[in-house]
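Lettering follows sequence order; numbering is per chain, from 1.
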Amino acid sequence: MAATLAQKIIARAAGRDQVAVGEIVTCAVDLAMLHDLSGPRRIGPVLERLGTGVWDASKVVLVTDHLVPAIDAASAGVLALTRKWAAEHKIENFYDMQGICHVVLPERGHLKPGLFVVGGDSHSTTGGAFGCFMFGIGATEMVAVLATGETWIKVPETILINCSGKLAAGVSAKDMMLALCARLGMDGGQYQAVQFAGEAVTAMPMTERMTLSNMAAELGAQAGLIAADETTARYIREAGGDPGDIERWQGDKDAEYRCTHEFDVSNLEPHVALPGSPANARPVSTVQGTVIQQAYIGACTGAKLVDLRMAAEVLKGRQVATGIRLLVAPASTRTTAAAAADGTLQALTEAGAILMPTGCGACAGLGAGILAEEEVCISTTARNFKGRMGAASSKVFLGSPYTVAASAVSGAICDPREFLIQRCGENG
Amino acid sequence: MFGDDIDTDVLAPGQYMKGPVAELAKHCLEAVDPAFAPGVADGDVVVGGRNFGLGSSREQAAQVLKILGIEAVVARSFGGIFYRNALNLGLVAVVCPAICAVKPGDILIVDARAGRIENRTQNDSYECEPLPEHLISMIEAGGLIPHLERKLAAELKNGDPT
Ligand code: SF4
């Protein structure tokens, strides 16, 4: 029977030759990811009560990212508890303040095609960029996974999104996802697996593919898969991992998909989501001129090395507008180091950007960079639900690093392509 | 009986999330039917349309229905995380495409094991997706954690020769 990539991974994890869509099966978990906010502080006490300990400490990755660095006694307390738990359970893969979990996992070589991975965070779909079946689970389920190393799953159908064409200069994976959120809505994925394919995806570096998979969560998908290729293998090798058998983890040609969405990206404009929901996305031209107070380049989906480079491309030799604050929180310590080495950071700070600590920062409203009542921010993050980044009446627009950087320079939301075209003119 | 797209914010309204769950339960579905929480009785079945429980991963959305005594939720489809959370917390959730034939107040007998819903009032029955045995025993134990506790206790007994 022809199978999708999702079916193949689930069948392997369930110890079966094949699984049918809709079937509920029990799978062995290859890797479980926890973070400070939903991890030990919530699951620790229940696990204690069960008295089982962790099934296999080498298969657990724990990251502190949501509450780092501590901004008050409460967050410091959670971090202290997390560190103590890591030591007690001998968690070797404990990354303390090294970056956002979804970026740290691949950076440290933990992901590879074919793995069945769970994460205690809704953006765990990010792992799908590496050809793993990775999805988010609640705290109760995480306790069971840690105790037994297993979880149940209903085999999902797969929705194929075929991205054809070539992205124009100044347009990125973030613009693609915002456009898709507008087109399909927040339940477009219906807890199915979404799989991205096509030449526009193949042409992307891993960090851009991660943005697609990350925001599959915004489509309501359970997983956001991309079949592995040479780009995937190279990234994994450079991260010190072993990509394994790439050929094995491809969907069959005649596999059955729930549906296929054709998405030609050739003429895609930069997109911006209006406050409230990523599904409120429109072409940037429709909100051009909206005055902002803050521009934020951060989060798992918007502050990886490629993202910082996009911003630097716009900011180089320019200045952030007077009265505007541009905050940059790199997604990981490795990102910071690489951006320092290649001059990206310098371009940002010389333009007037404020460099923030690595971590989730203001994305979930837990770290530094929170908004006051009525303030307007344009941000590279993935979600802009009411009040997420601060006061209830604050407004968050979402855009690509290009768009956020360009808006910081002009003091109002604007199309970044103007800046990039100008630059070509200057140079040539 | 509810329509399509009942979200987790309606099931567990954010403004009451900081308080105790019992209090939260009193406001369950208030935004679409204020008479719901005061009117339900033990063993009642909630019937929904498409995408029941879409939205955030908050477990409280399923928890409040259990606290109100709801025995099962039957819908044409579910928001995925809600579906997982419901079963893990010991609340029966079954997918049934034919469920729109039900009228408010009908007496329903949900047999999740067999994949059948009997409508005693209309003298009719509908097919639904059956739940596998291991999920049924999990639900009967009251959810994932009590189920694990039981399983571990049993293993301990069997595994200890003395
Ligand atoms: S950066 Fe934002 S979206 Fe990403 S894991 Fe942290 S809080 Fe979640």
>> Looking at A:Asp17, I want to see if its CG is surrounded by more than 12 non-hydrogen atoms of other residues, nucleotides or ligands under 6.0 Å.
In response: no
> What is the minimum heavy-atom distance between B:Ile145 and A:Leu50, and which atoms define it?
Replying inline: O-CD2, 4.3 Å
> Which atom names give the shortest non-hydrogen contact between B:Leu144 and A:Thr140, and what distance separates them?
Replying inline: CD2-O, 3.9 Å
>> As an exercise, state the distance from CG of B:Leu148 to OG1 of A:Thr148, rounded to the nearest 0.5 Å.
In response: 6.0 Å
>> Nearest 0.5 angstrom please: B:Asn85 CG to A:Ile137 CD1, how far?
In response: 10.0 Å
> Does CZ in A:Arg42 sit with more than 12 non-hydrogen atoms of other residues, nucleotides or ligands closer than 6.0 Å?
Replying inline: no
> For A:Phe135, is it the side chain, the backbone, both, or neither that has a heavy atom closer than 4.5 Å to a heavy atom of chain B?
Replying inline: side chain
> Should the heavy atoms of other residues, nucleotides or ligands under 6.0 Å from CZ of B:Arg150 be counted, would the total exceed 12?
Replying inline: no
>> Donor-acceptor pair, distance only, cut-off 3.5 Å: does the side chain of B:Arg84 make one with the backbone of A:Lys154?
In response: no
>> With a 6.0 Å cut-off (strictly less than), is the heavy-atom count around CD of B:Glu127, excluding the residue itself, greater than 12?
In response: no
> What part of B:His147 lies closer than 4.5 angstrom to a heavy atom of chain A: side chain, backbone, both or neither?
Replying inline: neither
> More than 12 heavy atoms of other residues, nucleotides or ligands under 6.0 Å from CD of A:Glu88: is that the case?
Replying inline: yes
>> Counting neighbours of CD on A:Glu48 that are heavy atoms of other residues, nucleotides or ligands and sit closer than 6.0 Å, is the number greater than 12?
In response: no
> To the nearest 0.5 Å, what is the distance between OG1 (A:Thr151) and CG (B:Asn88)?
Replying inline: 7.0 Å
